[in-house]
Every structure is written in C-alpha cells, then in structure tokens.
Amino acid sequence: MQDLQRSRLKQLSLLPWVFVSALPATALAQDSTSTGSQENHGLDPLVITATRNQSREDETPQKVTIITREQIEQQLAITQDPSQVLSNLIPSYSPSRQKLNNTGETFRGRSALFMIDGVPQSNPLRDVGRDSYTIDLSMVERIEVIYGASAEHGLGATGGIINYVTRRPEGAGVSQHVGVSLTSDDDFESEGFGHKLDYRLSGQTRDWDYMVAASRQKRGVFYDGNDEIVGMAYHGEIQNSESYDLMAKAAYWIDDDQNVEFSLNHYDLDVGDDYVPVSGDRDKGVATTAEKGNPANDPGYNRVTTARLAYSNKDWLGNELDAQLYTQRFRAQFGATGLGSFPYQDDAGNTRYDHTRNESDKVGAKFTLSRDGLLDDRLKLTTGLDLLQDETQQVLVKTDRSYVPESQFRNYAVFLQGDYDLTQALSLHAGARQEHATLNVDDYSTVDRSTSVENDLVSVGGGNPSFDETLFNAGIVYQATDWAQLYANYSEGFGMPDVGRVLRSVSEPGQDVDTRVDLSPIVTDNREIGARFDWDRYGLELSYYESNSDLGQRIEPDAQNNYRVKREKTEIQGYEITGEAQVSDAHQLRLSYTHTEGKSDTDGDGSVDTKLTGRDLAPDTLKLAWSAAWNEKLSSYLQYSYYRDRSFDDPELEFDGYGLIDASLAYRLPIGRASLGVENLTDKDYFTYYSQSFPQGEALEDDLYFKGRGRTFTLSYQLDF
C-alpha cells in the first residue's frame, strides 16, 4: 500500500509536466497572459518554481510567463538558436544577435539572470555574454520567466529571471525519445548544411526516478537574404560550429514526503577553424562576411559543467523544506580579434596575436523553508539562506598572461517573504533580503593590448571591498471580478558591474581596488502596475514599469577600442501588451507589443540626459502568432515579428526597422511525427538590430557589421516510444 501511495504521489508531482506534454495541437502555445488558461483545462495553474515561495502563475504581483514545451518545440522546428527562441517568445527581450555571444541581449533594458533548475548560470565578475548557451533546449521541459528586477535568487536579475526547468520522467515505466533534424539555406549550399540528433531515456521504478539524455548538433555557415555568408564574429559564433550536451538525473524517494535528486549537465560548443571574417564597410553599407581560410589562433568555445544535489521535504515539522547544493565549471574562449590586439613573438620571431579565455568556477547553496496555513490559513511565510563563492579570471591563451586578475567573490544572503490574503479577493506580498558580498583581488598588472608581451600597462594594488545591501519587495494582487485581476509591485534587484572589465581597464598608475576602483553594486528599483483579463477563450495582460538605478553601468568603446565601464544613473520606462485568443478549438492567435525607452546621466549632474543605445534597449516590437490544427494529424504555426525604427543621440546608430516571418508545418505519421520549418520565410535581407544600434569603436565597426540570417529550412522527425 505504501508503495502504491508513493507511486501516486510521484505521478501527482509530475502532473503539470505530464499535462503540458499531453496537450493536443489545438492547445499549442499556451501563454500565461490568460490567468485562467490552466483552469480552463481542469487543472490549477502551474507553480512557478523560480519563485522561492512557489507561487502560482495567477497569484504573483508581477508579470510572469510560462513557456511550455509545445512552444519550445514550435520554435525549434524553425530555429535551433536558443537566444532566437527567447527573443521570439519573451516580450521586451532584445532581438537575437544570432551569435554565441549574447552581450546586448537585454531584458527590459537590463540583465537577465539565467538559471537551470534554480542554479544561476550568469557570471557576475566577468560578464562574457554566454549565459544562454549552457544547455541544449532538447533538455528543457519549460521556461519560467519573471519580469522586472528581483533579488529572489541573489545578484544578476536586474531585468528579470529566466529559469530553464529540465525534463523529468514521463509517467511510470520506461520511455524513450529520439529526434533528428536537418537544416539548410534556401540554395542548399553544402557549406550551409547542418544536422542535430537527440536521444532521451527516462523512467520510474519503485522509489527511483531517472533520466539520461544526449544531443549533438553540427551547424553550417549562415547565408543572408542576398545569399552571402554572414560575417564571423571573433567574440563567439554559433554558425560553423559543433555542440553536444549530456545530462543525467536521478531521484530517490525516501518516503511519501521526501526525495533527493542529483543532476549533472555538460554542454560543449566548439566553433570551426576553417573560416575567417572579411571586413565590411559600414559607411558604404557593405556587410561583414566570411570566407574559407585558417584563423590565426584557436577558435572559440563554450564548455560548461553544472552539478546539482537537491533535497525536498514536504512536511518537516509542519514546514516545507527545499535545499540544494550546486557547482559549475565555466570556460568561454574567444577567437582572435584580428585587430592587432595582444601581440607577441612566436619561436620563429614572427608577430602573432593572442586571444582570451574566461574561467569561472562557482560553488553555492540555497536553503528555503516555507510554512503555510498561518493566521487562519491567510498567511504564508518563506525564509531562507543563500551562499555563493565565485572565482573568475580571464587569461591570454597563448602567452599565459592574466588579462583579468583572479578574483574571488563571496556572497551570503538571508531573506524573509510573506504572502497574506487580506480578503478572498485581495492579497498582499512583501519581503526583505539582506545581502553581504566580499570581493578579493590580489595585486596585479594590467595588460597593454597594443604592445608586446614584455610590456604591462600599470600596476594596481589589490583589495577586499565589501558590500551590504538590504533589498525590499512589496506587491498587491486584487481579483476585481471573475475575469479581471489588478496587480502592483515594487522590487529591488542587486547586481555587480562588470568587475573584470573594470579591473582590466585601469590605465592610470597609483590606483588600488579598495579605494580608487569603483566596484559599487548596481541596485535597481523596479515599479510595475498591471492588469490581467480572462474571458474564457480570450486573455489580455497590460503592464507598465519603471526601472531606475542611481549607480548603473553603461559600456562604451574608447579611442583604443577598449570597452570602458561608465558608472551612471540610468532610468528606463516601458509598457507591454500581451494577449491570446482561442478563436476556435482549432485556431489560436497571440499578440504582443512592447515599448521601452531609457536615458543615462552622462555628465554627472544627477539628471539623465542621453538616450540609451541598442546595447541596452530593444526596439519597439510587435509580435503576432497563429497556431492551427487542421485535423488530427496536420498542424501549422505562423509568426511575424516587426522591429520598429529607432533613433539615438548618435546619428550613426539610427536603426532602420524590419519585419520577419517564420512558419512551420507538423504532421503526425503512423510512427512518429515530422515537421518542416522556414525561418525568414520571405528571405528578408537586413542588418541586425545589434549591428545597426550597438556602439562600436572605429576599428571595430567594419568587422562587426552583420546581416541577419536569410531563408532557412529545417526538416525534423521525432519519435517517442
């Protein structure tokens, strides 16, 4: 009997995932814009595991979105680029750069904290812009998105949280999955061919759950709408690359209330070494391209290993206890710039140019304790403790010099969160988090990018700066009618400036880390009001937000093409409109429109005066999507993204907007299912938002002037057995 009860409990704990994966084609692309979308199908709304108090999606005082597995699969039928998937599905997320480096892909104009099952993927000491390339999306069951600054998981979420929830066993017994896809440009050039294979085995047996999965992908070169090869970026490419992902998970149920889970994921992406960039001409409108050749140095890569051990007890002295320990080893190598940086002499006396690799090792722990049912079942309290140690450095690969000195960051925080139902229709939410962080940097010397290996720039004294911040949040949710809900929220986020970039950029002698280098944290205040409407088949959500920081960061190139960190006051405002309509059982429409604007205080007079550029802000964006199930076997998906023109204070950064159409067809075969997706259906020839609106140094502007990917076909086959 006990085994039977435990089996039922495990199945219930997996019910949201089972339910989502079993949705028919008519229910594709469900979004949380309709607060009752899950209730309409007979189940309670999903729990947002990225919230420490395990909130339901219709009870949060801020905007949240759940990207379901069906939505992920719809996007993967069109594109295998994870940042493109996020851009297509998350309002206020910047247009994808279509590169391995996602610097400039912001969320509501600020940084997103990426997590995998609650484990942070961001690198606070040296932000190399590789956060969204640490897991293959075939391993992901759903993506939880929390909008706006948040301190729930510590530093990094000044713009919001993006949490990848990995796959779990799908019911009792053993199940397997295999998938294969082929990708090509519309001229079917051999250099443009790519393929992907993924496999998954999962099961439940008595007290054990387990899953093992693997994926391997080979990407060809990309072609633009003019059938030219898209330029290669020295800082990181996804075209002409190979990647693989290996994941293993095992969970043991101690009893009906307790379980222990261990997971291990290794992701590896290596860029090919048989293409070299060809400079463009920004003034003449000539794009950067690429051609066959041998790069001067080793190509770039991403190699990330994440391990997690979690323990959960649903009834520990009447409380719910969750604890996890995690570790991550992160290595991100950049290709040579080709711009004369980091010269050195090889054994034959020839001048060569070095390149860099970022190395970060994290160890952390999270402990969360919740108690519900207090004060006549009106109050829920959640408290916890977070610990983090991060050691980061950036080295020059060939000459073994330190470009960014080894830095050790230690952070601990305690928090308390309360949720109180004042009435059946009105709930109050408030909390506080106390952060303490210490940074340790030894004495070091900065590297001169333009001289030989024997010359360093200046010596800098080390130090141990520490920071204490108390962060608050408060919100209210009012269920005005059965179909209308209002919410308001104030929250604070805690982040670090790009410490590595600050340390490596010291150019004047006599400075030290303790007193002369500004490493003060970025505290972001987020204010938001919104409304959710649910009319059975129709849903609408409106939100307006303001995001301000008295000491933010703005990064700009100097005359030597070094990117400098400017500590400036920044203010950002915006609004979002998202809606969905289940027009019939077979047809669903989705719409979103976002607007963001912001300025920074460049002259230091306390008043913002200069427009933020495309490095920080996304353009105004309109997205439309149509899902259709024509019969039990055939379904289709069509989406349109329009990025509106945007002007900046610098006329050279004027953005000419563009619109893109993607489409896919899916067909259920007697065995398995097949799909055909087309990215950029009309073969639009365009320069990316990044290339048009991202400020570059003079020597870089012709090397980083990229067009977007042209019409691309993806043919896929999936089999579950």
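Atoms considered below: every heavy atom in the structure, side chains included; atoms not considered: hydrogens, waters and symmetry mates.
- Residues D245 and S215 have side chains that never bring a donor and an acceptor to within less than 3.5 angstrom of each other.
- Between the side chains of N489 and E528, no donor-acceptor pair is found at a separation under 3.5 Å.
- Between Y244 and Q217 there is no side-chain heavy-atom pair separated by less than 4.5 Å.
- T470 and R433 are not linked by any side-chain donor-acceptor pair at a separation below 3.5 angstrom, with hydrogens and angles left out of the test.
- Contact between G118 and H153 at its shortest, heavy atoms only, is O-ND1, 4.4 Å.
- Looking at L387 and K366, their side chains never come closer than 4.5 Å, going by heavy atoms from C-beta outward.
- When each of R52, K314, R371 is tested with E320 by the rule salt bridge (Lys or Arg N to Asp or Glu O under 4.0 Å), just one qualifies, namely K314.
- You'll find the side chain of S370 reaches within 4.5 Å of the side chain of K380, heavy atoms only.
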With side-chain contact (heavy atoms from CB on, under 4.5 Å) as the criterion, how do T382 and L369 come out once you've worked through the C-alpha distance, each side chain's angles and the decisive distance to 0.1 Å? CA-CA 6 Å; T382 304; L369 189 68; over 6 Å; no

Residues I254, N259; criterion side-chain contact (heavy atoms from CB on, under 4.5 Å); working and verdict: CA-CA 5 Å; I254 301 171; N259 78 314; 6.0 Å; no

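- Using modelled atom types and a 3.5 Å distance limit, the side chains of S175 and H177 yield no donor-acceptor pair.
- Counting all heavy atoms, side chain and backbone alike, A149 lies closest to G493 at CB-N, 3.6 Å.
- Within the 4.5 Å cutoff, the side chain of Y164 has heavy atoms near those of the S132 side chain.
- Contact of the Y210 side chain with the V174 side chain is registered, since non-hydrogen atoms from C-beta on lie closer than 4.5 Å.
- Side-chain contact between L155 and F409: present, with at least one pair of heavy atoms (C-beta onward) separated by less than 4.5 Å.
- Judged by distance alone, the side chains of D81 and S83 do bring a donor and an acceptor atom under 3.5 Å apart.
- With respect to D361 and R331, a salt bridge is recorded, a charged nitrogen being found less than 4.0 Å from a carboxylate O.
- Y545 carries R108 over the face of its six-membered ring, with the cationic atom under 6.0 Å from the centre and within 45° of the normal.
- Taking the centre and axis of the six-membered ring of F330, the NZ or CZ atom of R303 falls outside the cone set by 45° and 6.0 Å.
- Under the 4.0 Å criterion applied to side-chain N and carboxylate O atoms, R410 and D390 are not assigned as salt-bridge partners.
- Of all heavy-atom pairs between M115 and A50, the closest is CE-CB, 4.3 Å.
- Between K362 and Q389 the shortest side-chain heavy-atom distance does not fall below 4.5 Å.
- No donor-acceptor contact under 3.5 angstrom links the side chains of N265 and T306, judged on distance only.
- Of the N and O atoms on the side chains of N411 and E435, at least one donor lies less than 3.5 Å from an acceptor on the other residue.
- Under the 3.5 Å distance criterion, with hydrogens and angles disregarded, no donor-acceptor pair is assigned to the side chains of D257 and W316.
- Classification of the F114-Y93 ring pair by plane angle, with boundaries at 30° and 60°, yields perpendicular.
- If you check the side chains of T49 and E144, you find a donor sitting under 3.5 Å from an acceptor.
- The nearest pair of heavy atoms linking L76 to R69 is CD1-NH2, 3.9 Å.
- The shortest side-chain heavy-atom distance between N302 and D268 does not fall under the 4.5 Å cut-off.
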CA sep, side-chain torsions, deciding dist, call: V304, L269, side-chain contact (heavy atoms from CB on, under 4.5 Å): CA-CA 9 Å; V304 188; L269 187 150; over 6 Å; no

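- The pair E261-R308 meets the salt-bridge criterion, with a side-chain N (NZ, NE, NH1 or NH2) lying under 4.0 Å from an Asp/Glu carboxylate O.
- Remark: the E576 side chain and the S92 side chain contain an N/O donor-acceptor pair separated by less than 3.5 Å.
- Aromatic ring centroids of F494 and F467 lie 6.0 Å or more apart.
- With no hydrogens or angles considered, a side-chain donor-acceptor pair links Q417 and N473 at under 3.5 Å.
- Between D136 and K196 a salt bridge is recorded (basic side-chain N to carboxylate O distance below 4.0 Å).
- The pair R216-E242 counts as a salt bridge, with a side-chain nitrogen and a carboxylate oxygen less than 4.0 angstrom apart.
- Contact detail for L137 and I143: the closest heavy-atom pair is CD2-CD1, 4.5 Å.
- Note on R532 versus E541: salt bridge recorded, some NZ/NE/NH1/NH2 to OD/OE distance being below 4.0 Å.
- In this structure, D372 has no salt bridge (Lys or Arg N to Asp or Glu O under 4.0 Å) partners at least two apart in sequence or on a different chain.
- Between Y490 and N526, the side chains place no donor N or O within less than 3.5 Å of an acceptor N or O (distance only, hydrogens not considered).
- Judged purely by distance below 3.5 Å, without hydrogens or angles, the side chains of T438 and S466 never pair a donor atom with an acceptor atom.
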So Q258 and Y311, side-chain contact (heavy atoms from CB on, under 4.5 Å) or not? Walk me through it. CA-CA 7 Å; Q258 303 179 76; Y311 168 74; 2.4 Å; yes

